[in-house]
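Here the structure is laid out as C-alpha cells; the discussion comes afterwards.
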There are 2 protein chains.
Amino acid sequence: MTTLETVRPPTNDTEERLLDAALTLFAEKGYEAASVREIIEATGVTRPVLYYYCSSKEDLFKRLVHWKHDEAYRELTKTVTDTKGCANRLRAIMRGSFAFCATDPRVPRLMFQTHFGPTIPGIAEFMTEVAKLRFLIVQQVIQDGLDGKEMSGGDAASLSLIFCCIMDQHINVLARLPKPKKRLTIELADSLVDVFLYGVGSGKRAPVSLPPFAAG
Amino acid sequence: MTTLETVRPPTNDTEERLLDAALTLFAEKGYEAASVREIIEATGVTRPVLYYYCSSKEDLFKRLVHWKHDEAYRELTKTVTDTKGCANRLRAIMRGSFAFCATDPRVPRLMFQTHFGPTIPGIAEFMTEVAKLRFLIVQQVIQDGLDGKEMSGGDAASLSLIFCCIMDQHINVLARLPKPKKRLTIELADSLVDVFLYGVGSGKRAPVSLPPFAAG
DNA sequence: CTTGAAACCTAACGACCGTTAAGTAGGTAT
DNA sequence: ATACCTACTTAACGGTCGTTAGGTTTCAAG
C-alpha cells in the first residue's frame, strides 16, 4: 500500500504556497519552461527561500508530484476496495479519476503533460514509476475480470493499456480545454467504460484477440 | 486536399542532413531541450548555416513537422480512398499509421510528444492544426459509419476522439520503447480496432450512448 | 542578556541559450 | 575584369537559466 518512499507533506504556509504556485506554473508551461524565478515571484518570496525548502528545482517538482499523486492514489485504492465486480470497478475508477481531475485540472495537466511529453532526464523515470502504480491497480482489476470471465480478448497488460489510453488521454485532452468540469462528467466516464466493454460497432460481434504484450 | 500552406521540401544536401539531425534530436529530447548547437554539431556545420536555411529554430521545427506530416497525410488519404466500408477503413488507418510510425519511430516520437506534452508558444497552435487534419479524416470515416448504421453510440467527434486516443497513445507509448517495429504490428492494429468496435466485455451487450461532444 | 536556529534577504556566479554582424571562398553571368 | 550570388566562416551579442555565498531579521530557549 506504500506508494513510493513517503514524503512529508508541506507543513509551513510559505512552503505550501510555493508548491501551489509551482503546480500552477508547471501545469501551465511544463517543467522546463516554468522557471524558479516565476515560481518564487508568484509566491511572493525570493529565490533562496525556495532553496531553503527544496534542494533543487527537480526536488520541488518531485515533491509536488508525490504530494498530489499520494492523494489520488489513496482515493483510487479506496474506490477499488469499496466496489465489487470488474465492470463496476472500472466504472468507479473512470468516474473517480474524472472527478479528481475536474476538481483541480492543474494536477492532470501537470502529470499527463509531463508523462506523455518529451523525456526529461531525472524526471521521466520518476514519472514512469508513479504512473506504474496507477496502472497496476487497473491491471489487477482487469486481471480479476479475466479470471472471473467478465471479460476476454487479451492479457491484462494489453487491456489495461487500452483502458488507460482512453481514460488518460481523455483527461489530458479535456483538462486542457476551458471548463474541464463540464467535460469530465460522470456520463462521459460511464460511456467510455461502455465503449471499452462493448465497443461502438452495431454489426454482430467479432471475436477480439489481442496479441500478448511484449515487455522489455 | 491541400494540407497547410505548401512548404518546399529540402533540396540541398546540407539542408536535408540538417532536418534529419533536427528530427533525431527533437524526437529524443523535445523541442526546448534540443539546442541548435547540438543540431548543427550533429550535422557537422556551423550555426549560421542553420540560419542560412531556416529563419529560426521555430521555423526549422515547423518545416520538419510539415515535411513528415505531408508524407503521412498523403499515405493516409490514399489509404482511405482505396478502402470501402467504415470498419475496413478504420483497420486500414490503424495499420497504415502503425506501419508508417514503425518505419521511422522518430516521427511519432516527435509529433506526439510535442502535441501531448506541455504547451510551447508558437508551436502548440501549429501542432493542433496539423493534428486536426488527421483527426478530420478519422471523423469523416466514422461519420460515414454512423450514417451507414455500421456503428452507433455517439456523435462522430466523440467516437473519433476515442479511436484516436487508442491509436495515438499506443503509438506514443510503444514508439518510445525499444524495437517499436516488433510492437506496432498489424495484429495489434487489427485487435485495437476490434476492441473499438466490439469491446472486451464477455457479458451481454449494453447499449452505449456517449454524451454529445461540447466544442469550445 | 546571550545564544542559536529558523526564515528570510541582496547580489552575484558561471553556464547555456537563440541569434547575428561581418567577412570570405568559389563559381557564374555580364 | 567586375559584379553578383550561393554557401559558408569566426567571433561575438544580450538574455535567461538554476544555483549559491554571505549577510540580516525574528524569536524562542538557556
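Sequence lines set the chain letters: A, B, ... in the order given, protein chains first and strands last, and positions in each chain run from 1.
Heavy-atom contacts of chain A under 4.0 Å fall on DNA chain C between two terminal nucleotides, which in 5' to 3' order are C/dA6 to C/dA12.
Distance B/Leu50 CG to D/dT10 P: 16 Å, rounded to the nearest Å. In this structure, CD of B/Glu41 is placed 14 Å from P of D/dT9, rounded to the nearest angstrom. Residue A/Tyr51 contributes atom OH, which lies 6 Å from atom P of D/dG18 at whole-angstrom precision.
For the 3.5 Å distance criterion, the side chains of B/Asp144 and B/Gln140 qualify, holding a donor opposite an acceptor. A donor and an acceptor atom, one from each side chain of A/Ser56 and A/Asp59, are nowhere located under 3.5 Å apart. Judged purely by distance below 3.5 Å, without hydrogens or angles, the side chains of A/Thr24 and A/Arg106 pair a donor atom with an acceptor atom.
In the region residues 19-37 of chain B, proximity to DNA chain C at under 4.0 angstrom, judged on heavy atoms, holds for B/Ala34, B/Ser35, B/Val36, B/Arg37.
Between the B/Lys29 side chain and the A/Pro121 main chain, no donor and acceptor come within less than 3.5 Å of each other.
The side chain of A/Tyr52 places no N or O atom within less than 4.0 Å of a non-bridging phosphate oxygen (OP1 or OP2) of D/dT20.
Outside the 6.0 Å centre-distance limit, the rings of B/Phe112 and A/Phe116 are not counted as a close aromatic pair.
Expressed to the nearest 0.5 Å, how far CG of A/Leu90 lies from CG of A/Leu192 amounts to 12.0 Å. One finds the CD atom of B/Glu28 at 12.0 Å from the CG atom of B/Leu110 (value rounded to the nearest 0.5 Å). Atom NE2 of B/His66 and atom CG of B/Leu19 lie 13.0 Å apart (nearest 0.5 Å).
Remark on DNA chain D: of its neighbouring residues B/Asn12 and B/Arg47, the 5'-side contact belongs to B/Asn12, judged by nearest-heavy-atom nucleotide.
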